[in-house]
Protein chains: 2
Amino acid sequence: MSKEPEDTIASRISRVLADRIVRGELAPGARLRQDHIAEEFQTSHVPVREAFRRLEAQGLAISEPRRGVRVASFDLAEVREVAEMRAVLEVLAIRHAARHLTPAILDAAEEATREGDAAADVHAWEEANRRFHRLILTPCGMKRLLASIDDLHAASARFLFSAWQSGWEKRTDHDHRAILAALRQGRTDEAAAILQKHVQWIGRGPQPAKTGIPRETFAIVG
Amino acid sequence: MSKEPEDTIASRISRVLADRIVRGELAPGARLRQDHIAEEFQTSHVPVREAFRRLEAQGLAISEPRRGVRVASFDLAEVREVAEMRAVLEVLAIRHAARHLTPAILDAAEEATREGDAAADVHAWEEANRRFHRLILTPCGMKRLLASIDDLHAASARFLFSAWQSGWEKRTDHDHRAILAALRQGRTDEAAAILQKHVQWIGRGPQPAKTGIPRETFAIVG
DNA sequence: GGAAATAAAATTATCTATAATTTTTGAAAC
DNA sequence: GTTTCAAAAATTATAGATAATTTTATTTCC
């Protein structure tokens, strides 16, 4: 019971590195040197290389043979691409999840929304937001679809964190509440439509200036 | 020019293994033993392990810590899941690709369709079919989206090959022609609608009996 | 002073070796 | 004949070592 399975070192390394990349602690283009990372994790570089393959598949790192691995960079076009992929895939997921949603799940999702609204910083908001999406989508039971969505969420979060390096301001998530209301009434199509717009909007509106504090929030979150 | 970059051994191994899994030469559930594969490719098992991580990410293999890697198995539910994911993602791609399509590309796609119709076996058909889809979708220029679609195509092909182990019969692909006609006339919505149905249908109809020769073709191809 | 060439250092990709774990084999008990 | 257990074999995961390549630093030449 208390014995953790403690999966492979490679998976632990890939999780930690993915988190750092998403949070922006590792900047786009930064080189990932296998020996240094191996030293940090007190291992040889073999599991580090395996972790790299995982990051590559997730689109978080780019590897060039013999030239090493670096943190993937991303531009606005890719942010939009990710948003559109998320939109269509999350709609697909919600359509299948709808019939399996229980009041308990919807209550938990509402709680996640409240936590998001009350979040003091962007990381807390992101966690709550992701929880909301996961709660209402997981019941679709489509593992491959959910895994893809998870990877896209990570990519979205990268953008979110890079845009909101400081100065998070609280906001009320009307989309989430509208989605929940529609789901509670069994209006799946309506919920799907709101969800689609909600996600698709990411990266569409005016971007915050790099120097100043971001003003327009609706274009970044989702 | 003649000098090939000859990328890493790991990527070569993952390509070959992926191909074998898709073609059904490696059965679902079959164990992939790193030492044996290493011996076959005249390498150590280190690059083999890296290849495993790639296959895992593509959904072609499943790895359990300390228990090894085996070929992923798939059931009808997963075939449908893949089909639905392909449907929404290919529609997204075609919507973005449409404006960049040239008559030359459409001609090449028509040629691919003809080759598919004339294909003598299921492998030739699959290759032509994939070429068709790639031709009309690639111009969207969304790398991440195209990579996802490619992985889903591989999963679809697995199902196709497992269903049509023998007894391929020629057929005329009306969907492909209708899609091309719509694209030629600039009717993107119509093309997208046909494409969606075309792909979504996979795994829906009656399945061929394992013992006999498959009769219903419309439900398997796409 | 700056470009080109060269030497030194760092880094990647791979191999061989080893410890830990799982699977298989085979005998003993029922 | 089947189940249980233990020893043997096979296999995984990781470490440590090495050759090849790339990057960085240094020197030379213009």
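Chain A is the first sequence line, chain B the second, and so forth, proteins listed ahead of strands; every chain is numbered from 1.
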Should the pair [X]-[Y] be classified as a salt bridge under the 4.0 Å nitrogen-to-oxygen rule?
{"X": "A/R20", "Y": "A/E40", "result": "yes"}
{"X": "B/R130", "Y": "B/E127", "result": "no"}
{"X": "B/D7", "Y": "B/R15", "result": "yes"}

For A/E50, report the nucleic acid contact type (base, sugar-phosphate, nothing); a contact means any heavy atom under 4.0 Å.
nothing

Write down the distance between [atom1] ([X]) and [atom2] ([N]), rounded to a whole number of angstrom.
{"X": "A/H45", "N": "C/dT11", "atom1": "NE2", "atom2": "C1'", "answer": "11 Å"}
{"X": "A/E64", "N": "C/dT12", "atom1": "CD", "atom2": "C1'", "answer": "13 Å"}
{"X": "B/F52", "N": "D/dA13", "atom1": "CZ", "atom2": "C1'", "answer": "13 Å"}
{"X": "A/R66", "N": "C/dA10", "atom1": "CZ", "atom2": "P", "answer": "19 Å"}
{"X": "B/E56", "N": "D/dT12", "atom1": "CD", "atom2": "P", "answer": "13 Å"}
{"X": "B/R70", "N": "D/dT11", "atom1": "CZ", "atom2": "C1'", "answer": "13 Å"}
{"X": "A/I37", "N": "C/dA13", "atom1": "CD1", "atom2": "P", "answer": "13 Å"}

Between B/S156 and B/R86, is there a side-chain donor-acceptor contact under 3.5 Å, judged purely by atom types and distance?
yes

With distance as the sole criterion, is a donor-acceptor pair present between the side chains of B/H198 and B/D173 under 3.5 Å?
no

Measure from the side chain of B/R49, starting at C-beta and using heavy atoms only, and say which of D/dT14, C/dC15, C/dA13 lies closest.
D/dT14

Winner on side-chain proximity to A/R67, out of D/dT23, D/dT21, D/dA13, is D/dT23

Carefully, step by step, assess A/H45 and A/H36 under the rule ring-ring contact (aromatic ring centres under 6.0 Å, His included).
CA-CA 9 Å; A/H45 55 247; A/H36 297 193; over 10 Å; no

Derivation of the side chain to side chain contact (heavy atoms under 4.5 Å, CB included) call for B/R54 and A/R54:
CA-CA 7 Å; B/R54 181 113 207 286; A/R54 178 113 206 286; over 6 Å; no

Phosphate-side-chain proximity, A/S44 and D/dA15, N/O vs OP1/OP2 below 4.0 Å
yes

If only side-chain N and O atoms of A/T8 are considered, is one of them under 4.0 Å from the OP1 or OP2 phosphate oxygen of D/dT12?
no

Residues touching DNA chain C, which here means a heavy atom under 4.0 Å, drawn from residues 27-36 of chain A:
A/R31, A/L32, A/R33, A/Q34, A/D35, A/H36

